[in-house]
Amino acid sequence: MIYDIIIIGGGPAGLSAGLYAGRGKLKTLLFEKESFGGQTATTHEVENYPGILKVTGPDLSEVMREQAENFGVNISRDDVTEVDLDSDIKIVKTYEGEFRSKAVILAMGAKPRLAGFKNETEFRSMGVSYCATCDGAFFEDLDIAVIGGGDSAMTEALYLTRFAKSIKIIHRRQEFRAAKSLIKKVEDHEKIEFILDTVVEEAQGNGTLEKLILKNVVSGEKSNLDVDGCFVFVGLDPINNIIQGKINLDNSGYVISNENMETNIKGVFVSGDLRSKNLRQIITAASDGAIASIMAERYLENLN
Amino acid sequence: MSSGVSFVDFWGNDYQKCLRFMSGIEELAKKYENSGIRFLKFNVDEDKMFAVKEKVMGLPTIVIYEDGIQRSRLVPNDINSIDDIEEFIKKNI
């Protein structure tokens, strides 16, 4: 069987593309190996999606999945391992088999960036975390650190106050990128303190995280911080492992496209956080997905 | 899990990755039922503080206990397919 469209990724971009493709009666297959909603599923509260005053990330994700599935999109939980995009018929390989389609929409998204300190990977899920909604509850009445100075770091630090005994926000500069209103809320919170002009050099512990080694970037002075947990929010990296060397990427590894979501390969479209662009939000992902789907539909019409 | 070797799958209702591997883990439990390892699962939603006490810091986490003491563990980042879990069991037999 040859599908009209294969969508790789089930976040807002992929699910929105699926919704439009399904509604257009295109034979569509969507792959999502982890959580529907992608990063949305790990966001505790969404209040900037028009038409919805406030919703949890998992709830919004679940409705998006249901909506796409209601329009007839086939959904697979398989993991895509390889793609062959150059021919007119695209091949998508997974652990379970090989799937073919006339068009592909890449919507794998982005993942949290590592902070880059020593032993960071070794302590992942052993105290070092990148998702407050996933792991926050395990830090009940414990001392934790949050690394970062943007909106995510501030929002997630505030969320973590529900559980943690104390929170130290570690930021490499004096100034924050986060919205002023958020910074004010954080500054006013009795559980939160800032450690500025400081980076984490190393994580230490016996099995699980016990201590961070900090370095003040101005004075060069080093210090120890005893913590049970460390949440990292220092930006995103594209999930581009299956397309590296096969498609045009920008210097940061995001897929280059025009405003029609077309990439340099015929029949291959991109949408959402994986795309080279300036604003990565749920609404821009959903918008990209809709455009990619409609443009893929036009591409298919021209093929026939 | 007071004596002998136990395999404990810490899981939660809202974690899709836990649910995705649950039936696979049940199959592995059958396959290795005569290996001497006791297979158990623990829903953290029923007693979160037990998970906190056991230093479970992400889900799914699989812990091997020997005579009640933690010997090794598999954390979410280590688990990409059911094969990773089977490898972990083999290493701990």
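Remember, it's a predicted structure, so these values are computed and weren't measured experimentally. The sequence lines fix the lettering, A, B, ..., with proteins before strands; numbering per chain opens at 1. Below, each value reflects all heavy atoms present in this structure, side chains not excepted, and no hydrogens, waters or symmetry copies.
In A:Leu53, the CG atom is not crowded: 12 or fewer heavy atoms of neighbouring residues, nucleotides or ligands sit closer than 6.0 Å. For CD of A:Glu193, the number of neighbouring non-hydrogen atoms (other residues, nucleotides, ligands) closer than 6.0 Å is 12 at most. The neighbour count for A:Glu190 CD, taken as heavy atoms of other residues, nucleotides or ligands under 6.0 Å away, does not exceed 12. Environment of NZ in A:Lys118: sparse, with no more than 12 heavy atoms of neighbouring residues, nucleotides or ligands closer than 6.0 Å.
For chain A, the option among B:Arg73, B:Lys48, B:Arg20 with the highest count of heavy-atom pairs below 4.5 Å is B:Lys48. Contact count against chain B (heavy-atom pairs under 4.5 Å) is highest for A:Ser35 among A:Ser35, A:Gly229, A:Ser129.
Across all their heavy atoms, A:Glu34 and B:Lys17 have their closest contact at OE2-NZ, 3.7 Å. Nearest approach of B:Val75 to A:Met126, heavy atoms of both residues: CG1-SD, 3.5 Å. When every heavy atom of A:Phe138 is checked against every heavy atom of B:Ala51, the shortest pair comes out as CE2-CB, 4.0 Å.
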Go through A:Phe139 and B:Val52 one step at a time and tell me if the side-chain contact (heavy atoms from CB on, under 4.5 Å) criterion holds.
CA-CA 7 Å; A:Phe139 294 85; B:Val52 173; over 6 Å; no

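The structure places CD of A:Glu140 at 15.5 Å from NZ of B:Lys53, a figure rounded to the nearest 0.5 Å. A distance of 6.0 Å separates NZ in A:Lys33 from CG in B:Asn80, rounded to the nearest 0.5 Å. Rounding to the nearest 0.5 Å gives a distance of 8.0 Å between OG1 of A:Thr121 and CG of B:Asn77. Taken to the nearest 0.5 Å, the CD atom of B:Gln70 stands 8.5 Å off from the OG1 atom of A:Thr208. Expressed to the nearest 0.5 Å, how far CG of B:Asp14 lies from SG of A:Cys134 amounts to 10.5 Å.
A:Thr133 touches chain B through its backbone: at least one of N, CA, C or O sits under 4.5 Å from a heavy atom, while the side chain does not. A:Phe163 touches chain B through its side chain: at least one heavy atom from C-beta onward sits under 4.5 Å away, while N, CA, C and O do not. The parts of B:Lys55 that come within reach of chain A are both its backbone and its side chain, each placing non-hydrogen atoms under 4.5 angstrom from that chain.
Put simply, the side chain of B:Met57 does not reach to within 4.5 Å of the side chain of A:Asp135, judged on heavy atoms.
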